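Worth saying up front: this structure is predicted, and the values here are computed from it rather than measured. All chains are named by letter (A, B, ...) in the order of the sequence lines, taking the proteins before the strands, and each is independently numbered beginning at 1.
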Amino acid sequence: QGAKIKLGYVSPQSGPLAAFAEADNFILSNFASLDIAKNFEVIVKDSQSNPNRAAEVAKGLIVDDKIDLMLVASTPETTNPVATTCEAEGVPVISTVAPWQPYFIGQQGNPGDPGSWKPFDYSFHFFWGLEDVISVFTAMWAQLETNKSVGGLFPNDGDGNAWGDPNVGFPPVLSSKGYTLTDPGRYQNLTDDFSAQINAFKQGNVEIVTGVPIPPDFTTFWTQAKQQGFNPKAASIGKAILFPQAVEALGSTGNNLSSEVWWSPSHPFKSSINGMSAGDVAAAYTAATGKQWTQPIGFVHALFELAVDAMGRTSDTSDPDQIAEAIAAAQLQSIVGRIAFDGAGLPPFAQTNVSKTPLVGGQWRLKEGGGYDLVIVENTDQPSIPTGGTMQPLG
Amino acid sequence: MAHSSPYASLTRTRASRVAGLVALGLAVLLLVLPAFASRGLIQDLFFILTMLTLAQFWNLLAGYGGLVSIGQQAFVGIGAYALFGTVILAGIDPVPALLLSGLAALLLAIPTAYFAFRLQGAYFAISTWVIAEVVRLSVAQWKSVGGGTGTSLPRSATGSMWFTQAIETLFDVRSAAARDILAYWLAVLLAVATIGGLYWLLRTRRGLALAAVRDTMDAARSVGVDAGRMKWLVFLVSAFGTGLTGGLIYLQKARISPDAAFSVTDWTAYVIFIVVIGGIGTIEGPIIGIIVFYALQTLLADYGSWYLMVLGLIGIAVMLFAPRGLWGLFSDRTGIELFPVRRRLTGGLLSHPHHPESKDHG
Amino acid sequence: MLALDTVSKSFGALTVADGVTFAVPRGQALGIIGPNGAGKSTLFNLITGNLAPDAGRIELMGRDVTRMPAMRRCLAGIGRSFQIPQPFSRLTVFENLMVAASFGRDMSEAAVVDSCAGILERTGLIAKANTVSGSLSLLDRKRLELARALATDPQLLLLDEIAGGLTEGECRSLVETISAIHAGGVTIIWIEHVLHALNSVVERLLVLNFGRVIAIGAPGEIMASREVQEIYLGIDI
Amino acid sequence: MIWFDTILQGVLLGGLYALFAAGLSLVFGVMRLVNLAHGDFIVAAAYLILLMVTMTGMSPFLAVLIAAPAMFAFGWALQTFMLNRVIGDDVLPPLLVTFGLSVVLQNVLLESFSADSQRLPSGPISTASLNLGGINLGVMPLLTFGSAVVVIIALNQIFYRTALGRAFRATSDDPSTASLMGIRPAGIFAIATGIAFVIVTIAALYLGMRSSFDPNIGPARLIYAFEAVIIGGLGSFWGTLAGGVIIGVAQTLGSAVNPEWQILAGHVAFLLVLLVRPRGLFPRAVD
Amino acid sequence: MALLETRNLTARYGDFQALFGVDIVLEAGETISIIGANGAGKTTLMRSICGLLANQPDSIRFDGRAIGRLAADEIMAMGIAMVPEGRKLFASLSVEENLLVGRYGRAIAGHWSLETVYGLFPILKERRHSPATALSGGQQQMVAIGRALMSNPRVLLCDEISLGLAPVVIRDIYRAVPEIKAAGASLIVVEQDIGQALRVADRVYCMMEGRVTLSGTPAEFSREAIHDAYFGAAA
Ligand SMILES: Nc1ncnc2c1ncn2[C@@H]1O[C@H](COP(=O)(O)OP(=O)(O)OP(=O)(O)O)[C@@H](O)[C@H]1O
Ligand SMILES: Nc1ncnc2c1ncn2[C@@H]1O[C@H](COP(=O)(O)OP(=O)(O)OP(=O)(O)O)[C@@H](O)[C@H]1O
Ligand SMILES: [Mg+2]
Ligand SMILES: [Mg+2]
């Protein structure tokens, strides 16, 4: 049989990003219960939501634990330092749960100069990109009667800079689709006052708000907007309203907020390692933990699917180059959809390292008796994923 | 009264002579270590040595200069960003660019000191923190090194770094390992130079003046010590050293972002814990402190938040029950000092055996 | 050597130096007396630069030093002791002197070892040379104040109540020491409540009350003045 | 009009900062204690209120009334058993102990409540507003500002009109002479910290209703609170309010020019004030 | 039984011993004064009695109780008030507040109240709202005495209340002593001003270098004896 294949897994299990890793234990124990898992040893490290720490534990995994393959998930703050470390060390790494632009561009020396961008040898990433989220958002807005005036809420962090980027972010695409964008500028996370943005939006007659704030900032913004009589027809927000708890924190004002949906129990995909459907996995999670499903569950699961798949196609599992080749050659039908590094839908510079997964749009709907459900309302780009309703304007 | 022998001023003790030899041996050992140690050990030592260097500079500032700064992350961050900026934008080799890290921190220290020296005690501490925040927020606007997103060192720059080729062939290792060894050697040099330099400084008359200023500023001025200049000296020297270390740390990490490089927890709080747990105002203290810190981290890091909780509790306990730190406890009991700076007057009347009080109280 | 011209200083509403004017010729020993709180120590602080005067002018050897910082005045030749001893408490007695000698004269440490040791011998501190000064008794602290001031090799020596609390024998040897320093050509200004000690050294006496110079002159005359006895001793004779 | 609105919003924001800072100001004024865990205690109090609200379904405003005495007791005990041992001339020991507390507290909260953002349910009042001639002022920010003013007035009353306040000031001037008046400094310090913790509870209420919170957001607000205290001047409560308002207005003005400068502008205002007046705007006559 | 007495009282500041077995006795209704040169240990004695320095429990007895270990606030609550050396007024409190804070730990009814203190020192009533530090030295001393009286103490300790004051002012202040005694307090007065000390006291102790070197009634004190006890024998 030989030695077990060593997988390193880094995620933010404590600290501000811990919600992303909430399902880790569930997924890991699921994985461990599989037959195929007998060939693997998974070493889990906590980044403590700290990029410095993420890089450190990645080094430790490579150097001390001598892992064969690194897996890493959740936000550029975690994926980028780990991927940079692996790339420098020549250890293959698969990452996910970060839009590919902040992942790819964020690791380039000069993010402002596309001519200097270089592909990676050992880093692979599967997730969607800004072009997808823009397409989904605009399609959602198209379902409503609006003046096509959009206000942007982009913080000065990995995600915000990517979303607001004048070349690869929202601005060029929105203008080409006939939207006007009011972008007051990058603000720092944990800002206590958004009246400048609200005033700018009011002045620009904004009817649609979009952006990628962190949860406390969106709560502050949204509450202040209501107080100051700013009532847009649609608010499509990334990151801040990813998790149901964050929406619940908004009280009843969270109803009909919209967001991109990367994974849900109604996604028509099945796991390649245990055959469970997306719905099965979500139900199992709720049964095991008593908690509502969240989107990262599918992607963390898929991370292990891809690892198993790639290692299965590698003859010498201690040779990083072979593993990298195997990953690059993947054609995997996973629980988050098809993963293949064939460059589909990507600009040339990112084609070797990124695989895009499907994206649809959803709205949070207030349930009778409290709590929210995420209902898919837009699937033009991915007709195979069923919708559960249509886009409704904010009340 | 006749002199029975001429007077002399001595600092060395038996322990210090032994310690000096051991230190020399240790330094040599550290330098040749890459020949037979594992990469894991080299990396752990890199972490230990760089944190130790940061701790020594904070110790110089707070323990010897009485300047309790909680804004050292400003210098780590600016040093790191100076490195990334010159490497990425000007294409300079990272190794010489490290010097710019120190220089950038030095430059930043001048306005910082000009401002913060107007304030005392707690006001001083908080103003250094605010200044560090201002620098962090300003650097986060610097778009060509990634703004708030941060950036990575291009592989083209790190791959062909000075000396790495030579190290690769010397130890027959891959380039990632060669870079580790290079960074490690630089860290060894920096730590040895820092401790040596600090010890040298304390043994010059400036070291005496530092102690005098810390004890009573008025009296120090009245005997001709330029207290203001001592404060500037200490502040600028530790800024330079902290910036240099910051550059080195991020050279090894190869990825930077404002939140990471200007982290008050990583570069100031931990450093303060290290110094205080070990014993502030001694060169030995930070050395003990880093060992405790590293041991804790190794033992507890996998327990996430528990690790930080234990670290916090130990810091509190030391402050409450052993304010002079672990080394203070040890040295009070045993009287041992590895880096003695006390000048002892000997000879003359003191060489008469019938002076009962003439024994060393220090 | 030293000349003060209408020097004034107040702390808020409290005036502690009120138009103080006097001069001390080179080589003289001047005593200052006055009740507690008269402003004697404050006057020293003004002369040494530890405090800045509100008005007036201070000259040292013909140079205007009114705005000169304390540390430069030390290098210019002023040495002082503090009424409430301020040893560098974490340093030993010897190290205290080394700071003063090497900075106060701007010389290397090696060059001043012997002179420090000599001063320790003269002031009776040699046996305590390697004791941490924080643990000294008050008497030794006062000795250290004197010794440290001497270590800067001053031309003008300011002594603030260094004889208080000494036994008669100690007081006598202190007087001898100071007389010897004085004989060596050092100008001395000495604040002291122990009058007999003071009077056996100084050539002139200055009386300060409420920040004002009440009288200045030969000790005998001053002591005979009824006003001074009234103010200072409080004894109706 | 927009500028006027911007300034007004800044003033209201300043009320929140002043509320964060008021307790700090009291503790700093009475015993020169720099409490680096102050922000985390506010977050902890917010969790305490949240716990009571979710367990009993009571209104957060009512929960504060119950939480405040508990927090008083906690502050009292903290000072008596821990902080009294480290206050003194040296700034380092209290700095370090409270920093340790901050680290411990954040992680205890993380272990007990997870990293999820939470919010105190406040119902429709959270989004209600008053329209004053084209300017919308949120009811919640107005309430926050009003509470800050009330807290400042109350502190002033306690500090300057009561026997306890005299004891606070006397102890602050000179603890050992105060003990000659029958004042036990350690006890006075404990009461001061207790009162500060009552204010912490009030601050927690508004922090928790204004926006969502999680175990890690304490330190970010602490720095503004410190700035407010310092530029206000040691021991001046109205100064603290003024300091909060200066930071708040600087932030909103900065942000109106460019959101990138929002937080930066607050810090720069702080540095500028200190550059001109190193002892703050309204320093106590003697120190 | 004496109201207050010390037995073999020793006190030290760290390594430095300041008192070597001091015995003094204060009877109820009596005024004693303590004289001695700078550094003789007078202040140290006062600080020991009022609890600012910790001592052997039994070395100080008040009203039959051993109080050597008690803290200053506890001792004050029992009825021992002190006018500290150097006045030690609270700078951030007004004159009236300084007076009021004097009864913080012992607000018992008695002869002394704001009115009676103002009656004793009328000037203070005029200045009652000014910051205490804005007063002249003599006025400040009046505040310090008034502040101590506000608690209606049974024993009043006065440490160098004439320190740094003009003779006229000193006379004013000492004029209050009879009224203080009449209100039922016993006094210990520390003085460097020997004339004053002899005039006011029923009995006098002279201290030197931490020991009592002379004691007796004023009548028994000759100028020479005082001089010897004060400046050392051979002066
Ligand atoms: N830094 C200061 N701030 C405010 N007042 C001060 C300061 N220094 C001294 N004083 C006051 O100034 C006055 C004069 O003080 P100074 O120390 O000069 O007196 P002195 O004559 O030396 O008395 P002594 O004989 O007791 O030493 C005193 O009332 C004192 O309280
Ligand atoms: N805090 C202290 N630390 C060390 N020594 C002290 C301290 N306070 C007083 N002493 C010393 O204790 C001795 C007695 O001092 P004390 O103040 O009791 O004298 P005193 O008789 O009140 O003198 P004075 O007339 O100057 O007030 C002196 O030698 C003094 O220097
Ligand atoms: Mg004096
Ligand atoms: Mg005294």
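Within the 4.5 angstrom heavy-atom criterion, only side-chain atoms of A220(D), from C-beta onward, approach chain A.
Ranked by non-hydrogen atom pairs under 4.5 Å with chain D, the options P184(A), A200(A), G251(A), A19(A) are led by P184(A).
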Cross-chain donor-acceptor list, chain D and chain A, 3.5 Å limit, no angles:
| unit_1 | atom_1 | unit_2 | atom_2 | d |
| --- | --- | --- | --- | --- |
| D5(D) | OD2 | N199(A) | ND2 | 3.1 |
| Q9(D) | OE1 | Q228(A) | NE2 | 3.1 |
| Y17(D) | OH | D192(A) | OD2 | 2.7 |
| D116(D) | OD2 | Q245(A) | NE2 | 3.2 |
| R119(D) | NH1 | A249(A) | O | 3.1 |
| R119(D) | NH2 | T223(A) | OG1 | 3.1 |
| S126(D) | O | Q227(A) | NE2 | 2.9 |
| S129(D) | OG | Q227(A) | O | 2.7 |
| N136(D) | ND2 | Q228(A) | O | 3.2 |
| R210(D) | NH2 | D192(A) | O | 2.4 |
| S211(D) | OG | P216(A) | O | 2.8 |
| S211(D) | OG | T220(A) | OG1 | 2.7 |
| S212(D) | OG | T219(A) | OG1 | 2.9 |
| R221(D) | NE | D192(A) | OD1 | 2.9 |
| R221(D) | NE | D192(A) | OD2 | 3.2 |
| R221(D) | NH2 | D192(A) | OD1 | 2.4 |
| E260(D) | N | R186(A) | O | 3.0 |
| Q262(D) | NE2 | D193(A) | O | 2.9 |

